[in-house]
Amino acid sequence: MSDSVNYGTIVKNGIFGENPVFRLALSLCPAVAVTSGVKNGFLMGVAVLFVMTMVNGTVSLLRNYINPKVRIPSYMFIIATWVTVTDQVMAATQRAVYKDMGLYIMLIVAFAIVLSRAEMFASRNKLLPSMVDGAAMGLGFLLALVLLGVFREFLGKGSLWGYPILGQKPLLIMILPTGGFFAMGLMMGWLNWLDRKFFGGTGASSGGH
Amino acid sequence: MFEKVLTIFIASALINNFVFSRYLGLCIFFGVTKRMETAVGMSFTFTAVMLIGAALNWVIYEYVMIPLHLGFLKIVIFIGVVAAFVQAADTIMKKVTPALYYKLGIYLALIVTNCIILAVPLINADEHYGLFESMALAVGSGLGFSLALIIMASIREKLELADVPISFRGLPISFVLTGLIALAFLGFSGMITL
Amino acid sequence: MKEMLKITLSLVLIFIGAGLIMGVTYKYTSPLRFKAEKREKEEALKQMAPDATDPIVAAGKWTTHGKNFEYYTATASAKPVAYISSTAGKGYSSYIQMLVSVDTDLKIRDVKILGHAETPGLGDQVEEKSFIDQFKGKSLPDIKLIKGETKENIQAISGATISSRAVTNGVKDAVQTLVEKYGAGVKTAAQGVRK
Amino acid sequence: MEAPALAKPQEHPKLIVSIGPHMHDQETTAKIMWTVSGALLPAALMSVYFFGMPAVMVILVSLAASLASEAAVQWMLKKPVTLSDGSAFLTGLLLAMNLPSNAPLYIPAVGSFVAIVITKHLFGGLGYNIFNPALIGRAFVLISFPKLMTTYVAPASQFMAVDAKTTATPLVLLKEEGMAKLLEIFHTKAALYQDLFLGNRAGSLGETSVIALLLGAAFLMMKRYITWHVPVPFIATVGLLAWMFGGKEGLLSGDAIFHMMSGGLILGAFFMATDYVTGPSVRAAQVVFGVGCGALTVLIRLKGGYPEGVMFAILLMNCFAPLLDRGMKSRVFGKAEAKGVKK
């Protein structure tokens, strides 16, 4: 099986076809919560990328030892473990960022996307493809967060990654919660429009949780 | 003391509303507000589970985790406690009040891995709240979340008939709508300093 | 029965493995975290009194708004050069956390805003240098918020009165505390000069 | 998971299903819109009299941006362009009435864009918007440009007043410095009331002149375009609650007349809370809507961070309007059940 795995497809799928934020609309909370700045969005994305890769890897390794009857509790436990590790590392090394978004880092544990990839992909595939799948999904997540972060930070603070660009703050509302929701809605609508116009897609987000 | 409890309650329900200013529980918020009935059922279940979960976790955090210096395990332990409690509630409800179980049972399954259920004990632990303060936060957040769900469900019913531009149908317009509601809720800001 | 045992065993093994991973991470990150926290605090205090050569140590505690704050003595070659206190003021939507340092004659040397959650664009203007610099050199009776032009007192930021007041009150509380703790010594010193 | 959440195949529906009030044809809508705009004319003229050229510019830019946004978005969505129905004109005018005269001109432009494109057309266009577009436009610019939107100039009555003096609105003065300070400026209560009534005070364009607004409102009521069900409970609630809780000397010492005449209350109560689309359509629900607006206004004015609460109060009640309609409609059926549950 390992020979027939197409890594390109997995990566493309994670970033475009099943982008966790814009296409699957899973785990939306942090997408709005931490994207008032590019840096926060990026670090959150890195945290998710790490957790997803490790969780998928662990689940794949243990897939023959986990009894199907207790599979969900086991997955939850594995996820919680890797989230705790991420949380500890972030708290020790990224102090300023952690002050802003520590809660959301801890809440990665409740992300539907992590559990669903463990269940749908890692429990049926070998170690390497599983880790690549986790990383690809995490990368899709990271890119979505960075995209939103660029949009919001540029409009809201006139800066990118904390470096001032405009020298003023054009639309303060964009860094507030309401602005986050607007940004998310407008961005999704715009991507749907692009999809319909240029890629012949249905242009409708599926929604779910 | 009483004043602080009341302050936490009001602040968590309106000003720091989980949905409109803390961005938590969005999946559920968008998922269950397509129908009013579901939204109401979810509201009840969530508030109850949040309250009991917060109280249980507070006791465990204060009397087990802090004395044993196990604070760093809080994510694992909180999620375990909530899962165990929900499982127990599920079993008990099925036996004792089957009617209620058929109404609310389906929501219980969704709850275990939900961020707002977990966020309450995490915030409580972070702020070092006492038992009553923790419970005030839980009830306030629960009612605030219920309010958000019910408003959203009633508006989305009205929106069903609207000719929304194709690209914006479904989630995008719901996001914009949530943004507008959050904008209105900014009117409450500045009422309470936490 | 055998299956039960197997399930339990696999769960227990996962728990042990996970516990190990978390424990090891905690072992290596918690000292890092502790050190970083300590360093941040030291650096913030150092900024408040750059001429202090000895480590700045906590001299006592005081409370306001039901929160605990500390005050510190900054010394150079065992002689006090400044007194510092942490403090907070009740702002528009948050408590504004601050550090205040005074010279040995109890005039304000510097004010530093550590954290707040005030409204972007309005309340967060209290962080601006033009507002903070007004405090420098003022002594306790002058720390008063005025709406409109003033040189002797503190001029409120228009449109951000509540946040301005929060900072002013927080600073005032801190200076008041420092005067109570160290005032007697300064007074005797001043009397000594007069003689 | 791949099923679209709202499947709507018809792009140009032949049969339009809409929630009441059912406007029968384009002509009636247009007639209502233009009449309401006309009713705002006295207040607009008064604002120009008091604030001069800057007020004219704010109104013009706001109108132009509204009309341009409407035309552009309708063209992009391939819908018929309906500038002549007056709805974009009215939104632009209402937005202008909610802005300070000294606002830089990009503020009315941004506000109009948000009002027309995001609040109205994203939700399906005229008749489907959940929130009052002008008020969302106002709230959006208030949050985005907080400093500029809270700086007001004193009325100058000169047409080309350039160096108008910035000053606080009466509500800000009351909130931050108390009634004594207000009396120091206006000398007597009678003079204060008189200035409020005529509009000789700092504030947004259309917030100022109570008499001009009342004239317009009376005209609309005579024409039966608006009814008492929302505005009267709204204003009465503000008066009552302000009297009860608004005073420094304890209960029942507040100045009801001051609160009823200041801020955007008259404008909001008669011209914005009465909006057919964003308010409830059941009569009983309208009264509750009005009372709710009033209560929230007083809550925000007395306890909130903002000195004026009318805008947020109406927006918040806009959220509740569908719920109110729903609850009040089924009241007859719900009563017995509700009682049973309680016991």
Side-chain angles (χ1 to χ4, degrees), chain A residues 22 25-35 72-73 75-77 79-81 83-84 86-88 91 102-112 114-115 173 176-197 202-209, chain B residues 16-32 34 72-80 82-84 87 109-110 112-119 121-123 125-126 164-186 189:
Chain A
F22 291 124
L26 284 167
S27 318
L28 299 165
C29 311
V32 190
V34 303
T35 51
I72 299 294
Y75 295 164
M76 287 306 301
F77 199 78
I79 296 170
T81 306
V83 171
T84 304
T86 315
D87 178 68
Q88 295 293 328
L103 181 65
Y104 298 97
I105 301 264
M106 291 192 256
L107 289 177
I108 295 177
V109 76
F111 278 16
V114 186
L115 186 62
I173 195 170
L176 295 175
T178 61
F181 289 117
F182 286 145
M184 188 78 191
L186 296 179
M187 192 78 88
M188 275 179 154
W190 179 64
L191 289 175
N192 283 347
W193 179 80
L194 282 183
D195 189 38
R196 265 188 327 120
K197 193 97 181 164
T202 53
S205 22
S206 43
H209 44 127
Chain B
N16 296 331
N17 188 290
F18 264 14
V19 175
F20 300 128
S21 90
R22 277 192 163 136
Y23 339 81
L24 294 173
L26 293 184
C27 303
I28 296 284
F29 178 70
F30 290 122
V32 307
K34 280 177 201 150
F72 71 100
L73 287 178
K74 62 185 176 227
I75 302 173
V76 179
I77 291 178
F78 288 165
I79 217 172
V82 173
Q87 190 57 50
L110 285 174
V112 184
T113 62
N114 192 269
C115 54
I116 64 170
I117 300 287
L118 201 60
L122 285 174
I123 293 172
D126 231 36
V164 174
I166 299 177
S167 304
F168 281 89
R169 280 179 199 159
L171 264 185
I173 197 69
S174 303
F175 261 104
V176 176
L177 177 59
T178 313
L180 294 180
I181 304 176
L183 186 57
F185 266 68
L186 278 179
S189 67

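Reminder, nothing fancy here: chain letters follow the sequence lines and each chain counts from 1. It should be emphasised that the depicted structure is a prediction, and the values quoted were computed from it without experimental measurement.
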Study note, to complete from the structure: Cut-off 4.5 Å, heavy atoms of chain B, and the answer for F111(A) is neither

Review point. Checking heavy atoms, do the side chain of I173(A), its backbone, both or neither come under 4.5 Å from chain B?
Key: side chain

Looking at every heavy atom in both [X] and [Y], which two are closest together, and how far apart are they?
X	Y	value
V76(B)	F77(A)	CG1-CE1, 3.3 Å
L107(A)	C115(B)	CD2-O, 3.6 Å
Y23(B)	V32(A)	CD2-CG1, 3.3 Å

Against chain A, label [X] side chain, backbone, both or neither, depending on which of its atoms sit under 4.5 Å from a heavy atom there.
X	result
L180(B)	both
I79(B)	side chain
A83(B)	neither

Check your understanding: With side chains defined as the heavy atoms from C-beta onward, is the minimum distance between V176(B) and F182(A) less than 4.5 Å?
Key -> yes

Check your understanding: Any side-chain heavy atom of I123(B) within less than 4.5 Å of one from L103(A)?
Key -> yes

Study note, to complete from the structure: Pair count under 4.5 Å, heavy atoms only, with chain B: among M187(A), M106(A), M76(A), Q88(A), highest is M106(A)

[atom2] on [Y] to [atom1] on [X], rounded to 0.5 Å:
X	Y	atom1	atom2	result
K74(B)	D87(A)	NZ	CG	6.5 Å
L186(A)	S167(B)	CG	OG	12.0 Å
F181(A)	I181(B)	CZ	CD1	9.5 Å

**Study point:** chain A interface, residue from F185(B), F72(B), F78(B) that has the most non-hydrogen pairs under 4.5 Å
**Key:** F72(B)

Check your understanding: Between P165(B), A182(B), S174(B), which shows the greatest number of heavy-atom pairs under 4.5 Å with chain A?
Key -> A182(B)

Point to revise | Listed partners of V83(A) passing side-chain contact (heavy atoms from CB on, under 4.5 Å), at least two apart | key: V51(A), I79(A), I108(A), V109(A), I75(B)

Point to revise | For L73(B), all residues meeting side-chain contact (heavy atoms from CB on, under 4.5 Å), sequence neighbours excluded | key: L70(B), I77(B), M22(C)

